[in-house]
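One structure is given below, encoded as structure tokens.
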Amino acid sequence: METFDWRQLYAANRAAIEDHGVPGASGLTYPQTLPGSGARGLRGRPRTRAQRLPAFPPLVRPADAPVPSATDPSLGRGTWEQLACQDAGRTRSVFVYTPPTVSTTSPAGLVVMLHGCSQTSAGFAAESTMNRAADRHGFVVVYPQQGHQDNQQSCWNWFLASHQQRDAGEPRFIAEALRMVMDSGARRRIDPARVFVAGLSAGGAMAAVMAATYPDRFAGLAVHSGLAYGSATSLPAAYGAMAQGGPDPRALGRAAHAAMGRRARAIPTLVVHGGADRVVAPVNGDQLVEQWMAANRLAAPGTFDPDFHRPSQTSHGRVEGGHAYTSRRWLDRRGTLVQEYLTVEGLAHAWSGGSAGGLLADPRGPDASEAIWDFFTRTTGAGRG
């Protein structure tokens, strides 16, 4: 299968992050799955001197990556488990983080987190610091693991039509992983009304796929540096969408609504995107917001009629010593938050507010993990923790 050359993209992206004074990736604790070197980067684009690649750690298959201990400080204070999920006659890995405050008596919320290309579940957990947010607020985090046998560089295949449907391909595996964790009542009790999906980059694009194909399973969607559902259905189209956006987002919204079928409902959606993203162009953030405006308008006729250019609320901020950001929110006619768009000036292709030294994390931005859980709790009407 032909795949992206993420080494070249991430090398340029790492340089963009370091331009803002963020340390390099040499301090990473957990293996990051990185593709092998090659003579060319993006297909048909030879490397230039400015794109010369730094040395990366050796390739490590995600399934072979070490499982952190329950007391590892970079992954929170709770329990980190590796579970085996059966999918299409194969065994695939799913990692689950359960904070110490979660029990079998009081139902907790749950966030499915989908990693980006070249990442492992452990690496994504460490870089995003989502487990620490789970410790603070008392929710479970599930990390399905993509493997090299499915994509050479551990990317979710969001750009292939065969992985954009319910009960097929990778969406089926992710849904099965969620079902398996939901059924594990002996370890934890999950509130089915507070199950959400989020992801970064290719994982963000796949999170959008999951919201469109399994709207009955998820109460909310968060996409960080990702792309709209259906923005590509082939590898060449994926390159184009990453560089300059996909087709008309209103048409993509109709496609997302059609994918929901009889299960269609408004899906509260948060989009986070960096203004200096050189891997997934910022226009994709705009298109994600507009796509879900169109889909949600169709799913909730007469109650939600947003205008992209006229948000219900707008606020601005700046991280001390870091990036400025803007939050735009759209409410329905009852005053309930339905969509939010968090844009971060100067943020490259990296998890905003993530751990220092991560390949795909920038601590100088607002804390995306906190923003995601805050959005989810606001849109479901549930309190924190």
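Keep in mind that what you see is a predicted model, and the values were worked out from it rather than measured.
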statement: One should read off an interatomic distance between Asn151 CG and Trp158 CH2, to the nearest 0.5 angstrom, of 11.5 Å
message: I'd like to know if the side chain of Arg333 and the backbone of Gly302 have a donor-acceptor N/O pair within less than 3.5 Å.
response: yes
field: Short side-chain to backbone donor-acceptor contact, Thr129 and Arg132, under 3.5 Å
entry: no
field: Criterion side-chain contact (heavy atoms from CB on, under 4.5 Å) against His224, the qualifying member of Leu270, Leu360, Val272
entry: Val272
Any donor-acceptor N or O pair under 3.5 Å, side chains Thr98, Arg188: yes
query: Are Phe196 and Phe376 an aromatic pair by the rule of ring centers under 6.0 Å?
result: yes
- request: Using modelled atom types only, decide if a donor and an acceptor are shared between the side chain of Asp286 and the backbone of Val283 within a distance under 3.5 Å.
  value: no
All side chain to side chain donor-acceptor pair (under 3.5 Å) counterparts of Arg92, not counting sequence neighbours: Gln146, Asp150
field: Working for side-chain hydrogen bond (donor to acceptor under 3.5 Å, both in side chains), residues Gln86 and Thr91
entry: CA-CA 5 Å; Gln86 300 301 316; Thr91 300; 2.9 Å; yes
field: Ionic contact status for Arg297 with Asp332, cut-off 4.0 Å
entry: no
query: Taking C-beta and beyond as the side chain, do Tyr341 and Arg329 meet within less than 4.5 Å on heavy atoms?
result: no
- prompt: Can you check side-chain contact (heavy atoms from CB on, under 4.5 Å) on Gln153 and Ser118, steps first, answer last?
  reply: CA-CA 6 Å; Gln153 299 171 49; Ser118 85; 5.9 Å; no
message: Hydrogens and angles aside, do Gln82 and Ser93 bring a side-chain donor and acceptor to less than 3.5 Å of each other?
response: yes
message: Within the 4.5 Å heavy-atom criterion, are Tyr325 and Glu345 side-chain neighbours or not?
response: no
- prompt: Between Val279 and Met242, is any pair of side-chain heavy atoms under 4.5 Å apart?
  reply: yes
query: Would a 4.5 Å heavy-atom cut-off, applied to side chains only, mark Ser315 and Thr326 as touching?
result: no
field: Pairwise salt bridge (charged side-chain N to carboxylate O under 4.0 Å, His left out) hits with a residue in residues 196-209, at least two apart
entry: none
message: For Val142, run the side-chain contact (heavy atoms from CB on, under 4.5 Å) check against Val195, Val111, Val181 and tell me which one passes.
response: Val181
- prompt: What distance do Tyr97 atom OH and Ser121 atom OG have between them, rounded to the nearest 0.5 Å?
  reply: 15.0 Å
query: Under 4.5 Å between any side-chain heavy atoms of Thr269 and Val289, yes or no?
result: no
For Trp156, all residues meeting ring-ring contact (aromatic ring centres under 6.0 Å, His included), sequence neighbours excluded: His115
field: Phe124-Trp351 aromatic ring centre distance below 6.0 Å
entry: yes
task: First locate atom CH2 of Trp330, then atom CE of Met293, and finally report the distance between them rounded to the nearest 0.5 Å.
output: 4.0 Å
query: Is there a donor-acceptor contact under 3.5 Å from the side chain of Glu127 to the main chain of Leu359?
result: yes
task: To the nearest 0.5 Å, tell me how far Trp292 CH2 sits from Leu252 CG.
output: 11.0 Å
task: Without swapping roles, check the side chain of Ser231 against the backbone of Tyr229 for a donor-acceptor pair under 3.5 Å.
output: no
query: Gln165 side chain to Ala161 main-chain N or O, any donor-acceptor pair under 3.5 Å?
result: yes
task: Without swapping roles, check the side chain of Gln164 against the backbone of Thr233 for a donor-acceptor pair under 3.5 Å.
output: no
task: Locate the shortest heavy-atom distance separating Leu160 from Ser234; write the atom from each residue and the value.
output: CD2-CA, 4.4 Å
Where Ala193 and Thr380 come nearest, the two heavy atoms and their spacing: O-CG2, 4.2 Å
message: Using only atom types and a distance under 3.5 Å, with no angle test, would you say the side chain of Ser369 pairs donor to acceptor with the backbone of Ser128?
response: yes
Step-by-step side-chain contact (heavy atoms from CB on, under 4.5 Å) determination, Val112 to Met210: CA-CA 10 Å; Val112 175; Met210 296 306 298; over 6 Å; no
task: Would you check, one step at a time, whether the test side-chain hydrogen bond (donor to acceptor under 3.5 Å, both in side chains) holds for Asp362 with His323?
output: CA-CA 10 Å; Asp362 187 344; His323 302 307; 2.9 Å; yes
query: Ile190 versus Val140: any side-chain heavy-atom pair under 4.5 Å?
result: yes
- prompt: Given the side-chain rings of Tyr143 and Trp80, with only the six-membered ring counted for Trp, is the space between their centroids under 6.0 Å?
  reply: yes
- request: Classify the side-chain pair Ser327/Glu340 by whether it contains a donor and acceptor separated by less than 3.5 Å.
  value: yes
field: Which atom of Gly226 lies closest to which atom of Val280, heavy atoms considered
entry: O-CG1, 3.5 Å
message: Please check this pair: side chain of Gln119 against backbone of Gly116, looking for a donor-acceptor N/O pair closer than 3.5 Å.
response: yes
message: Under a 4.0 Å threshold between the charged nitrogen and the carboxylate oxygen, would Asp216 count as salt-bridged to Arg263?
response: yes
message: Ignoring hydrogens, what is the shortest heavy-atom contact between Ser355 and Pro363? Give both atom names and the distance.
response: O-CD, 4.2 Å
message: Would Phe218 and Leu178 count as a side-chain contact (heavy atoms from CB on, under 4.5 Å) here? Give the steps.
response: CA-CA 10 Å; Phe218 299 105; Leu178 172 61; 3.8 Å; yes
- prompt: Looking at CD of Gln339 and CG of Leu331, how far apart are the two atoms once the value is rounded to the nearest 0.5 Å?
  reply: 11.0 Å
query: In this structure, are over 12 heavy atoms from other groups packed under 6.0 Å from Arg172 atom CZ?
result: yes
field: Val319 to Gly365 - nearest heavy-atom pair and separation
entry: CG2-C, 3.4 Å
- request: Please confirm whether the backbone N or O of Ala228 pairs with a side-chain atom of Gln287, one donor and one acceptor, at under 3.5 Å?
  value: no
- prompt: Can you check whether Phe173 reaches Pro144 side chain to side chain, under 4.5 Å on heavy atoms?
  reply: yes
query: How long is the gap from CD on Glu170 to CD on Glu176, to the nearest 0.5 Å?
result: 15.0 Å
task: Check whether any side-chain heavy atom of Leu200 lies under 4.5 Å from a side-chain heavy atom of Leu114, and answer yes or no.
output: no
message: For a quick check under 3.5 Å, do His349 and Ser201 share a side-chain donor-acceptor pair by atom type?
response: yes
message: Go through it in stages, so that I can follow the logic: the residues are Thr343 and His273, the test is side-chain hydrogen bond (donor to acceptor under 3.5 Å, both in side chains), and I'd like the CA-CA distance, side-chain angles, deciding distance and then a yes or no.
response: CA-CA 5 Å; Thr343 53; His273 217 105; over 6 Å; no
